[in-house]
Structures are given as structure tokens and as C-alpha cells.
Amino acid sequence: MHLPFGDTINIKRATSIGPMRPHELPEIRHLPLFRDMRQSSFEALMQAAYAQNFPAGLDLIRQGDPADFLHVVMEGLVELYAHWDDHEATMAVVNPVGTFILAATIRDAPYLMSARTLERSRIILVPSSDLRAIFRQDSEFAVSVIQELAGCYRAVVRHAKGLKLRNSRERIASYLLRQSRLAGNAPSYFLPVEKRLLASYLGMTPENLSRILKALEPVGVKIDGMRVVITDRGKLTAFVKPDRLIDGPDLDAVGAVSSLPPVKLAT
């Protein structure tokens, strides 16, 4: 068996390496990236793939390394992050069932981001060379790849617009309102990731995030630990001024890199 990464540290720390479980193939097949490709193409792609279990806190890939595999997260959470000099920023958090990083694998280019597990995770590794071969042979799969990359690009542009056009308070309020809307206008929910990750994703320090969260009560949102309570949706909406060209919807942009997992509803 060809082992991933060429990195003996990662291989030794993987708790198991082996074939996929029976239920995992249908779950992967259901992803928009693989849904419309020929069955023979899918079977060929999965025949070359295999599963690996990883503990929390393990680097899976490093920015600048060759893109040897497309990763499919079946269980757990994976943070995509970038670093330069002494700075580090969260780019996205991938939850099941989701893929990363498609663009690098298709272009046979170095990874632009690193990835690490936030909790114990099960990852399917699909060799990039096989992915590129199927891309050239299967037109429906090629269309799905283009659709997903287009969705990723649009999500990145939306995120960049939010960072550049809104101040910190507006970015946080917009994020909180949008998550409520995506959860069916839920009046209360739990943040999906630690506040330090949310702060990094929104382009601020954890200290700034904490201060701003407390300052949002007058505009209709209250934070209790990880729980978000929309106390006055009208006030919050008036403050945020949602913009379709920043906030969406592009709800079918599965796999978009500028994303966090969906919120958990409060009961």
C-alpha cells in the first residue's frame, strides 16, 4: 500500500490505515463533487482511495507541500489555516462529509493552506493523480469540479468583501445573524467552533472578539458562553444591513473554503 505524505511522523500517529467502511462509499457518492460522475469512474477513484484515522491536533498537510491527495472528512473536524512569519489565520473548518483542498489537487500545485485535526478524525485519501485522470475522462465529473471550484471562488470573494468593507463589530453581527438565518431563523444556537477560531476566521484577536460580543447586546444579540441568543432580530438586522452580494445566498457552494461548520441548535 502506498502511504500518504511521505511523512513518518504522521504515519506513526495515524491510529489505523485501511479500506473504507461499507457506509462510507454511499456518503461520498452523495457529495455534489461525485454525485453525477459515471459509476465506473467513481469505482475506479475509490479503488485507489483508502481511509486513515487520526488523533486530535495532528497536522495532515502543510502549505507549500505537493498536493498528493484530495482529503474527504468522514468523521471529526479539520481546520484549514495559513501562516506567514509569526502570524497564523484560520481559513475554514471542514466538517463531515466534506472535501479539501480540490484546487491544488486538480492543478497539481502546492497546497496554499495547512490542515490539522481539531478532534479525532477519519479521513479518506484520494490520490490526486487518479483524480486528474478521471477529470480528463469524465465530462460530468469535470462539470462538478468546475461548479465546486466556482462556489469556492465566490465564497472567498464574499468573505474578502466582508473583511474589507465591514468593521469588526459589523462582521461579527453579520456572522451571527447569517448563522441564525441558515438554521431556519433559529432564535438561539451554539457556536460551532471555539471562539479563538471564530476570531481568526473573522480577522481579529480573541480579545477583540470577546469585547465586541459583549457590546452587541444593544443591537439585539446576547452571548452566554457558546450560546447565541437573538433577543431582537429587527434591531440586529437593521444594524447588519444584510447584503445579498456579501452574505449570499450561495447556499449550494459545498466545500467552499471560506466557511465554518453549521451551528448547533439550542434546546
Ile61 and Phe100: side-chain contact (heavy atoms from CB on, under 4.5 Å), yes or no, with the steps? CA-CA 10 Å; Ile61 61 174; Phe100 70 94; 4.1 Å; yes

Taking the basic N atoms (NZ, or NE/NH1/NH2) and the acidic carboxylate oxygens, is any pair closer than 4.0 Å for Arg21 and Glu75? yes

More than 12 non-hydrogen atoms from neighbouring residues, nucleotides or ligands closer than 6.0 Å to CD1 on Ile246, yes or no? yes

Kindly indicate whether the side chain of Leu25, heavy atoms from C-beta on, has any atom under 4.5 Å from the side chain of Phe42. yes

Considering only heavy atoms from C-beta outward, does the side chain of Ser121 approach that of Asn53 to under 4.5 Å? no

Nearest 0.5 Å please: distance from the NZ atom of Lys235 over to the CG atom of Leu216. 12.5 Å

For Phe141 and Phe135, take the angle between the two ring planes, folded into 0 to 90°, and tell me which bin it lands in: parallel under 30, tilted 30 to 60, perpendicular over 60. perpendicular

Search all heavy atoms of Arg169 against all heavy atoms of Val219 and return the closest pair with its distance. NH2-CG1, 3.8 Å

Do Glu43 and Gln39 pass the side chain to side chain donor-acceptor pair (under 3.5 Å) test, and can you show the C-alpha distance, the side-chain angles, and the key distance before you say yes or no? CA-CA 6 Å; Glu43 291 173 357; Gln39 180 62 25; 3.0 Å; yes

Do you reckon Leu58 sits in the same ILVMFWY cluster as Ile101, going by side-chain contacts under 4.5 Å, direct or chained? yes

What's the shortest heavy-atom distance between His71 and Tyr111, and which atoms? CE1-OH, 3.7 Å

Under a 4.5 Å side-chain heavy-atom rule over Ile, Leu, Val, Met, Phe, Trp and Tyr, are Ile230 and Phe190 clustered together? yes

Can a donor-acceptor pair be found, under 3.5 Å and without considering hydrogens, that links the side chain of Ser128 to the backbone of Ala67? yes

To the nearest 0.5 Å, atom CD1 of Ile172 lies from atom CD of Glu170 at 11.0 Å

same_hphob_cluster(Val229, Val240) at 4.5 Å side-chain heavy-atom cutoff: no

Is there a donor-acceptor pair closer than 3.5 Å between any side-chain N or O of Lys164 and the backbone N or O of His159? no

Between Val93 and Leu118, is a side-chain contact (heavy atoms from CB on, under 4.5 Å) present by the stated rule, with each step listed? CA-CA 9 Å; Val93 175; Leu118 292 176; 3.9 Å; yes

With side-chain contact (heavy atoms from CB on, under 4.5 Å) as the test, pick out the partner of Pro261 among Leu191, Leu77, Val94. Leu77

Would a hydrophobic clustering, with Ile, Leu, Val, Met, Phe, Trp and Tyr connected at side-chain separations under 4.5 Å, put Val145 with Leu131? yes

With a 4.5 Å limit on heavy-atom distance, are the side chains of Val221 and Thr231 in contact? no

Quick check for you: to the nearest 0.5 Å, what is the distance between Met46 atom CE and Met20 atom CE? 5.5 Å

Evaluate Ser180 against Arg233 for side chain to side chain donor-acceptor pair (under 3.5 Å), listing each step before the verdict. CA-CA 10 Å; Ser180 171; Arg233 185 173 298 274; 2.8 Å; yes

Supply the atom-to-atom distance Ile106 CD1 to Arg136 CZ, rounded to the nearest 0.5 angstrom. 8.5 Å

Apply side-chain contact (heavy atoms from CB on, under 4.5 Å) to the pair Ser168 and Asn208, showing each step before the final yes or no. CA-CA 8 Å; Ser168 298; Asn208 282 341; 5.7 Å; no

Heavy atoms of Pro192 and Pro262 approach each other most closely as CB-O, 3.4 Å

Looking only at atom types and distance, does a side-chain atom of Thr105 sit under 3.5 Å from a main-chain N or O of Leu102, one as donor and one as acceptor? yes

Quick one: does Val73's side chain get under 4.5 Å of Ile123's, heavy atoms only? yes

Looking at Tyr189, I'd like to know if the NZ or CZ of Arg227 sits under 6.0 Å from its six-membered ring centre while staying within 45 degrees of the ring's axis. no

Take atom CZ in Phe239; do more than 12 heavy atoms of anything else shown fall under 6.0 Å from it? yes

On a heavy-atom basis, the closest approach of Gln179 and Val263 is CB-CG1, 3.6 Å

With distance as the sole test, does Ser41 use its side chain to make a donor-acceptor pair with the main-chain N or O of Asp138 at under 3.5 Å? no

Inter-residue atom distance Glu207.CD - Ile212.CD1, 0.5 Å rounding: 11.5 Å

Heavy-atom pair of closest approach, residues His83 and Ser114: NE2-OG, 3.6 Å

Using a 6.0 Å cut-off, check whether atom CD of Gln147 has over 12 heavy atoms from anything other than its own residue. no

Contact between Phe69 and Tyr50 at the side-chain level, heavy atoms closer than 4.5 Å - yes or no? yes

If you compare all heavy atoms of Glu140 against all heavy atoms of Met37, which two are closest, and at what distance to 0.1 Å? CB-CA, 4.4 Å

Are side-chain heavy atoms of Ser174 and Asp247 found at a separation under 4.5 Å? yes

Any donor-acceptor N/O pair, Ser188 side chain to Val228 backbone, under 3.5 Å: yes

Taking atom CG as the centre, does Asp85 end up with more than 12 heavy-atom neighbours from other residues, nucleotides or ligands that are less than 6.0 angstrom away? yes

Cluster check Ile146, Val156: I/L/V/M/F/W/Y, side chain < 4.5 angstrom: no

For Arg120, is there any backbone N or O sitting under 3.5 Å from a side-chain donor or acceptor partner on Thr117? no

Answer yes when Arg122 and Glu24 have at least one side-chain N-carboxylate O distance shorter than 4.0 Å, and no when they do not. yes

Roughly how far, to the nearest 0.5 Å, is the CG atom of Asp232 from the OG1 atom of Thr237? 8.5 Å

So, using side-chain hydrogen bond (donor to acceptor under 3.5 Å, both in side chains) as the criterion, who are the partners of Glu79 when residues are at least two apart? Thr90, Arg116

A side-chain contact here means heavy atoms from C-beta on lying under 4.5 Å apart; do Leu70 and Leu33 qualify? yes

Under the side-chain contact (heavy atoms from CB on, under 4.5 Å) criterion, do Leu260 and Tyr175 qualify, and how do the steps go? CA-CA 10 Å; Leu260 293 178; Tyr175 171 80; 3.6 Å; yes

Do other residues, nucleotides or ligands put more than 12 heavy atoms under 6.0 Å from His23 NE2? yes

Between Lys161 and Leu245 (side chain of the first, backbone of the second, donor and acceptor by atom type, cut-off under 3.5 Å), is there such a pair? yes

Can you tell if the side chain of Gln63 reaches within under 4.5 Å of the side chain of Met113, non-hydrogen atoms only? no

